[in-house]
Student: 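Take this structure, written in structure tokens, and hold onto it; I'll ask about it next.
One-based numbering, in listed order, for ligands and for the atoms of each.
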Amino acid sequence: MSRPRVFSGIQPTADSFHLGNYLGALRQWVALQESHDAFYCVVDLHAITLPQDPALLRQRTRIAAAQLLAIGLDPDVSTIFVQSHVPEHAELAWVLGCQTGFGEASRMTQFKDKSAKGGAQQASVGLFTYPVLQAADILLYQTDQVPVGEDQRQHLELSRDLAIRFNHRYGQTFTVPAAYILGGVEKITDLQEPTAKMSKSTSSPQGIIDLLDEPDAIRRKVARAVTDTGSGITEDEAAKPGITNLLRIYSALSGTSIGDLTGRYAGAGYGTFKRELAEVVAAALGPIRERAEKILADEAELDRLLAQGAGRASAVARQTMAEVRERVGFLPAAAVAPR
Ligand code: TYM
């Protein structure tokens, strides 16, 4: 039997991914590539739902791809590619958009959050249909599972609904995908505001640990992380959101259970705990930063690997899209006669 398919995507909208991206999603991408047929995509079409500087977007797309390789994704095992290299994503998004209710799209909380920031009238139609494009990404590849953080759950529900609806209307066409969300790291929070998620668009720089941060920056940010009243190092999301977040990060990166960590640090002060956590984070991220730098030093090779990924992705995307065109009732284009 063929291996189950996974698909996931990440936006190239920052100079580095952050620890929330890494623990909530990217680490699972690496773990799943051995057992699954994995497609991982740098979603530049999604990035332009908010204004982007063109030169910076191009650069950040390469930085994003380099980080995917640096965390341990193997381009010969996983299909790693850039969304805009495969035009079927946009084409399927149009078709799915025509199956999506306006009210249904209006209920997407991420749109509400993001559009509220700039004023709803300023938000683009692209930002509104963002989740439809995400559904197209997923459904194009006949995806079984989608490894993401908790903030993407509602978008995955929409993807499932659209697959079911399309199959019902036009006949069995799409695999109905399931979310793959790992407990404990599904929402890494802001170090300065531990009840909010760590986010490149809303966190302050001090609230985010970047994957490409130098060790000194990591030490500084962990040292300044907001802790809670009282001195105990215990897991309690409601009463101690700051320490709970730090414990989860520590546990995820060290492989030590939270129970063992609270035992080890019982009676220790926040200072000792944070100093040791900073070393754990720095040791985990150091090799990723170094590998990413090496990969970025050879852009031609990186671009070659992305072209290889786009080739493999296209083969699947074209097949799905041909079936969709047929199902929907589009007239096949006759071959154009050579002049
Ligand atoms: P993006 O780039 O905003 O986030 C990438 C991944 O990181 C996860 N994540 C977090 N997980 C835990 N704690 C956090 N603080 C945290 N912040 C971010 C996100 O859940 C996500 O998995 N819409 C997607 C991109 C996308 C996509 C797709 C994903 C486009 N098409 C198809 C899956 C399948 C997004 O939010 O990317």
Side-chain angles (χ1 to χ4, degrees), residues 5-29 32 38-50 52 60-61 63-65 67-68 71 81-84 86 89-90 92-93 96 108-111 113-114 126-127 129-160 162-163 177-203 207-211 241 244-245 248-249 252 313 317:
R5 174 84 41 90
V6 294
F7 180 96
S8 200
I10 188 158
Q11 300 190 73
T13 44
D15 294 327
S16 171
F17 298 149
H18 58 67
L19 203 54
N21 300 134
Y22 182 58
L23 295 178
L26 300 176
R27 266 209 341 178
Q28 285 67 267
W29 297 16
L32 288 165
F39 285 69
Y40 298 129
C41 187
V42 178
V43 293
D44 52 353
L45 301 180
H46 279 104
I48 64 162
T49 55
L50 295 173
Q52 303 294 334
R60 287 173 167 176
T61 300
I63 295 176
Q67 289 174 92
L68 294 184
I71 60 171
F81 68 106
V82 174
Q83 190 183 28
S84 64
V86 182
H89 289 250
L92 181 58
L96 293 178
M108 295 291 124
T109 56
Q110 205 155 71
F111 172 74
D113 294 347
K114 286 190 184 178
L127 188 64
T129 56
Y130 178 117
V132 177
L133 177 60
Q134 181 164 348
D137 298 341
I138 296 167
L139 302 189
L140 256 188
Y141 296 94
Q142 306 294 356
T143 301
D144 297 295
Q145 282 175 327
V146 187
V148 285
E150 175 64 36
D151 59 345
Q152 296 303 303
R153 193 182 286 282
Q154 195 190 30
H155 289 171
L156 285 195
E157 273 309 310
L158 178 70
S159 303
R160 289 172 58 83
L162 288 174
Y180 181 98
I181 298 175
L182 208 61
V185 288
E186 71 275 34
K187 183 178 164 194
I188 299 297
T189 61
D190 184 325
L191 300 189
Q192 290 299 314
E193 205 184 318
T195 49
K197 79 166 176 176
M198 187 179 283
S199 155
K200 55 201 154 205
S201 52
T202 54
S203 299
I208 290 193
I209 295 180
D210 277 331
L211 224 49
T244 300
N245 189 42
R248 288 178 181 166
I249 292 170

Student: Once you measure the plane-to-plane angle for His89 and Phe7, does it fall in the parallel (<30°), tilted (30-60°) or perpendicular (>60°) bin?
Tutor: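 The rings of His89 and Phe7 sit tilted, inter-plane angle from 30° to 60°.
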Student: Where the closest heavy atom to atom 3 (O) of ligand 1 is concerned, which of Gln11, His89, Gln134 has it?
Tutor: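 Result: the heavy atom closest to atom 3 (O) of ligand 1 is in Gln11.
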Student: Counting each atom of ligand 1 from 1 as listed, which ones have a heavy atom of Gly24 under 4.0 Å away?
Tutor: 11 (N), 12 (C)
Student: Considering His155, Gln152, His46, His18 one by one, which has a heavy atom nearer to atom 24 (C) of ligand 1 than any of the others?
Tutor: Gln152
Student: Given Asp44 and Thr61, is the side chain to side chain donor-acceptor pair (under 3.5 Å) satisfied, shown in steps?
Tutor: CA-CA 7 Å; Asp44 52 353; Thr61 300; 4.9 Å; no
Student: Return the residue, atom name and 0.1 Å-rounded distance of the protein heavy atom closest to atom 35 (C) of ligand 1.
Tutor: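 Looking only at protein heavy atoms, the one closest to atom 35 (C) of ligand 1 is Tyr130 OH, 3.6 Å.
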Student: Would Ser8 count as a polar contact of ligand 1, with the cut-off being nitrogen or oxygen pairs under 3.5 Å?
Tutor: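 No; every N/O pair is 3.5 Å or more apart.
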Student: Would you say the side-chain atoms of Thr143 pair up with the backbone N or O of Ile138, donor to acceptor, closer than 3.5 Å?
Tutor: yes
Student: Are any non-hydrogen side-chain atoms of Lys197 and Asp190 less than 4.5 angstrom apart?
Tutor: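 A side-chain contact is absent here, since even the closest heavy-atom pair is not under 4.5 Å.
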Student: Relative to the heavy atoms of Val146, which atoms of ligand 1 are at a distance of less than 4.0 Å?
Tutor: 33 (C), 34 (C)
Student: Would the distance check show the side chain of Gln67 and the main-chain N or O of Ala65 forming a donor-acceptor pair, the cut-off being under 3.5 Å?
Tutor: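 No, because the side chain of Gln67 does not come within donor-acceptor range (under 3.5 Å) of the backbone of Ala65.
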Student: Are any of the N/O atoms in Ile188 less than 3.5 Å from those in ligand 1?
Tutor: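 Yes, there is a polar N/O contact under 3.5 Å.
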Student: At a 4.0 Å cut-off, with the gap strictly under it, does some heavy atom of Val185 reach an atom of ligand 1?
Tutor: yes
Student: Would you please determine whether Phe17 falls within less than 4.0 Å of ligand 1 on a heavy-atom basis?
Tutor: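 In this structure, Phe17 fails to qualify as a contact of ligand 1 - no heavy atom is under 4.0 Å.
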Student: Return yes if some donor-acceptor pair links the side-chain N/O of Arg5 with the main-chain N/O of Gln145 below 3.5 Å, else return no.
Tutor: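 No, Arg5 side chain to Gln145 backbone: no donor-acceptor pair under 3.5 Å.
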Student: Please could you name the atoms of ligand 1 that Ile138 approaches to less than 4.0 Å, counting only its heavy atoms?
Tutor: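 Going through ligand 1 atom by atom, the ones under 4.0 Å from Ile138 are 32 (C), 34 (C).
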Student: List every atom of ligand 1 that sits less than 4.0 Å from any heavy atom of Glu186, numbering the atoms from 1 in the order shown and giving each element.
Tutor: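 With Glu186 as reference, the close atoms of ligand 1 come out as 11 (N), 12 (C), 13 (N).
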Student: Can you tell me the protein heavy atom closest to atom 11 (N) of ligand 1 and the distance?
Tutor: Gly20 O, 3.2 Å
Student: Please determine if Val148 has a nitrogen or oxygen closer than 3.5 Å to a nitrogen or oxygen of ligand 1.
Tutor: no
Student: Counting from 1, what ligand 1 atoms have a heavy atom of Ile10 closer than 4.0 Å?
Tutor: 2 (O), 5 (C)
Student: Considering only the protein, which heavy-atom contact is closest to atom 31 (N) of ligand 1, and what is its distance?
Tutor: Asp137 OD2, 2.6 Å
Student: With a cut-off of 4.0 Å, which atoms of ligand 1 are near a heavy atom of Val43?
Tutor: 30 (C), 31 (N)
Student: Assess Lys114 against Tyr130: is NZ or CZ under 6.0 Å from the centre of the six-membered ring, and within 45 degrees of the ring's axis?
Tutor: yes
Student: Quick check: does any side chain N or O of Thr49 sit under 3.5 Å from a backbone N or O of Leu45, one acting as donor and the other as acceptor?
Tutor: no
Student: Using a strict 4.0 Å cut-off to heavy atoms of Ala25, name the atoms of ligand 1 that fall inside it.
Tutor: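 Every atom of ligand 1 under 4.0 Å from some heavy atom of Ala25: 6 (C), 7 (O), 22 (O).
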Student: Please list, in number order, the atoms of ligand 1 under 4.0 Å from a heavy atom of Phe7.
Tutor: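 Counting atoms of ligand 1 from 1, those under 4.0 Å from Phe7 are 32 (C), 34 (C).
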Student: What's the shortest distance from atom 25 (C) of ligand 1 to any protein heavy atom, and which residue and atom give it?
Tutor: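 Nearest protein contact, heavy atoms only, for atom 25 (C) of ligand 1 is Gly9 O, 3.5 Å.
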Student: Would you please say whether a donor-acceptor pair under 3.5 Å links the side chains of His46 and Gln134?
Tutor: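 There is no such pair between these side chains.
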Student: Output the distance between atom CD (Gln192) and atom OG (Ser203), rounded to the nearest 0.5 Å.
Tutor: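 With rounding to 0.5 Å, CD (Gln192) is 9.5 Å from OG (Ser203).
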Student: Taking the minimum heavy-atom distance to atom 20 (O) of ligand 1, which of Thr189, Asp151, Leu45 ranks first?
Tutor: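 When every heavy atom of Thr189, Asp151, Leu45 is considered, Asp151 comes closest to atom 20 (O) of ligand 1.
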Student: Compare Thr143, Val6, Asp190, Asn21 and give the one whose heavy atom is closest to atom 4 (O) of ligand 1.
Tutor: Asn21
Student: Less than 3.5 Å between some nitrogen or oxygen of Lys197 and one of ligand 1, yes or no?
Tutor: no
Student: Might you point out which heavy atoms bring Tyr40 and Gln28 nearest each other, and give the distance in Å?
Tutor: OH-O, 4.5 Å
Student: Just to check, does Lys200 reach to within less than 4.0 Å of ligand 1 when the distance is taken from its heavy atoms?
Tutor: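 Right, Lys200 reaches ligand 1.
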